[in-house]
Amino acid sequence: HDKRIRALIYLWLAQNVFLVASAMLRTLNYIEDYSLTFLRLSALIWMGLVATGLILIMARIAFEKSNDWLLSANLATLAATLYACCFVNFASMIAHYNVTHSWEAKGRGLALDRCYFGSLGPAVIPAIDWFLAQPGAGDTDLGRMMETVRMAAVDRLLGQRGDWRVWTFRGWRLANYVLARE
């Protein structure tokens, strides 16, 4: 109940929010300089959850809420984040970001990583199609390697079509996209 202690707690929480925000900014700079990966993206999401939790602690103290309120608010934030992540195709988003921000597309940044693209699975097909549609991209060594990655991803995608246990709406849409372009 002492206002001086409360002020120190607010200062400490604000400092931690600032540290999390600066770590997020550093991660974003790292992504810009190198590339986007699942690990970097999950780190950003996690840091966002941590910052939200710290802000909720501040709100709990400021509005004199109970610990049950804080727990419920954190669980609701976590549930909303998990629910939102269910609808995001992270592999496709990562592939599209890396292709559009690569050295080959912008003239700066890193070259495309063919091996990492191959590890992302069939979701990279639209990003590779975008890359290959750029003038002169298909004539380079990287363009030919990306065509190889695309063919392997298409074979993997179409090979899964007969197995009902791996069917997903996202995979069905991607298969229709590939069949329409073939």
Side-chain angles (χ1 to χ4, degrees), residues 20-52 76-182:
V20 171
S22 67
M24 290 176 80
L25 183 61
R26 186 166 177 95
T27 303
L28 289 171
N29 288 339
Y30 194 82
I31 289 168
E32 185 179 328
D33 288 343
Y34 296 100
S35 63
L36 183 61
T37 64
F38 275 114
L39 190 58
R40 293 174 191 144
L41 190 59
S42 62
L44 283 174
I45 293 169
W46 175 253
M47 286 185 269
L49 284 171
V50 169
T52 303
T77 303
L78 178 62
T81 302
L82 288 174
Y83 186 73
C85 288
C86 289
F87 297 105
V88 178
N89 188 347
F90 288 112
S92 178
M93 185 175 78
I94 290 168
H96 182 72
Y97 179 89
N98 288 345
V99 165
T100 57
H101 291 85
S102 67
W103 180 80
E104 292 82 6
K106 293 179 91 172
R108 59 188 167 98
L110 286 181
L112 287 172
D113 186 353
R114 179 186 64 86
C115 293
Y116 188 70
F117 260 69
S119 72
L120 292 175
V124 302
I125 295 170
I128 293 174
D129 289 345
W130 180 88
F131 173 73
L132 294 175
Q134 302 307 307
D139 301 332
T140 64
D141 289 338
L142 180 64
R144 287 186 284 280
M145 285 190 271
M146 293 303 275
E147 286 176 4
T148 305
V149 170
R150 185 188 187 283
M151 285 189 293
V154 167
D155 289 344
R156 181 175 168 191
L157 175 69
L158 297 180
Q160 295 174 347
R161 281 184 44 190
D163 190 359
W164 63 272
R165 293 170 294 186
V166 293
W167 186 91
T168 61
F169 180 67
R170 189 177 288 153
W172 175 76
R173 286 183 55 210
L174 186 58
N176 286 342
Y177 166 82
V178 167
L179 293 174
R181 292 188 57 98
E182 292 299 321

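One finds the OG atom of Ser119 at 8.0 Å from the CG atom of Asp113 (value rounded to the nearest 0.5 Å). Between Glu32 atom CD and Tyr97 atom OH the span is 6.0 Å, to the nearest 0.5 Å. To the nearest 0.5 angstrom, Thr148 atom OG1 is 8.5 Å from Met145 atom CE. To the nearest 0.5 Å, atoms CG (Leu174) and OG1 (Thr168) are separated by 8.5 Å.
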For Leu44 and Ile31: C-alpha separation, side-chain torsions, deciding distance, then whether side-chain contact (heavy atoms from CB on, under 4.5 Å) applies. CA-CA 11 Å; Leu44 283 174; Ile31 289 168; 3.7 Å; yes

Kindly determine whether Met146 and Arg150 satisfy side-chain contact (heavy atoms from CB on, under 4.5 Å), including the steps that lead there. CA-CA 6 Å; Met146 293 303 275; Arg150 185 188 187 283; over 6 Å; no

Assess the residue pair Ile128 and Val99 against the criterion (side-chain contact (heavy atoms from CB on, under 4.5 Å)); give the C-alpha distance rounded to whole Å, side-chain angles, the decisive distance to 0.1 Å, and a yes or no. CA-CA 8 Å; Ile128 293 174; Val99 165; 5.6 Å; no

Before you tell me yes or no, could you show the steps for Asp129 and Tyr177 under side chain to side chain donor-acceptor pair (under 3.5 Å), namely the whole-Å CA-CA distance, both residues' side-chain angles and the distance that decides it to 0.1 Å? CA-CA 11 Å; Asp129 289 345; Tyr177 166 82; 2.8 Å; yes

Working note: Phe90 + Cys85, criterion side-chain contact (heavy atoms from CB on, under 4.5 Å); need CA distance, chi angles, decisive distance, verdict. CA-CA 8 Å; Phe90 288 112; Cys85 288; 3.8 Å; yes

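Using cut-offs of 30° and 60° for the angle between ring planes, the His96 and Trp130 rings count as perpendicular. Using cut-offs of 30° and 60° on the angle between ring planes, the pair Tyr83 and Phe87 is perpendicular.
Taking a 6.0 Å sphere around CH2 of Trp167, one finds it holds more than 12 heavy atoms contributed by other residues, nucleotides or ligands. The number of heavy atoms from other shown groups lying within 6.0 Å of CZ (Arg173) does not exceed 12.
Ala123 and Ala91 make their closest contact through CB-CB, 3.8 Å (heavy atoms, listed as atom of the first residue, atom of the second, distance). Residues Ala175 and Arg161 come closest through the heavy atom pair CB-CD, 4.1 Å. The two residues Arg144 and Asp141 make their nearest non-hydrogen contact at NH2-OD1, 2.6 Å. When all heavy atoms of Met47 and Val20 are compared, the closest pair comes out as O-CG1, 3.2 Å. Minimum interatomic distance between Leu112 and Asn98 (heavy atoms only, all atoms of both residues): CD2-O, 3.4 Å. Residues Val124 and Phe117 approach most closely at CG1-O, 3.6 Å, considering heavy atoms.
When Val149, Val154, Leu120 are each tested for a side chain to side chain contact (heavy atoms under 4.5 Å, CB included) with Ile125, only one passes: Val154.
Side-chain contact between Leu142 and Trp103 is absent, with no heavy-atom pair separated by less than 4.5 Å. Residues Leu41 and Met93 form a side-chain contact, since some pair of their non-hydrogen atoms from C-beta on lies under 4.5 Å apart.
Side-chain atoms of Arg40 come within 3.5 Å of backbone N or O of Ser35 as a donor-acceptor pair.
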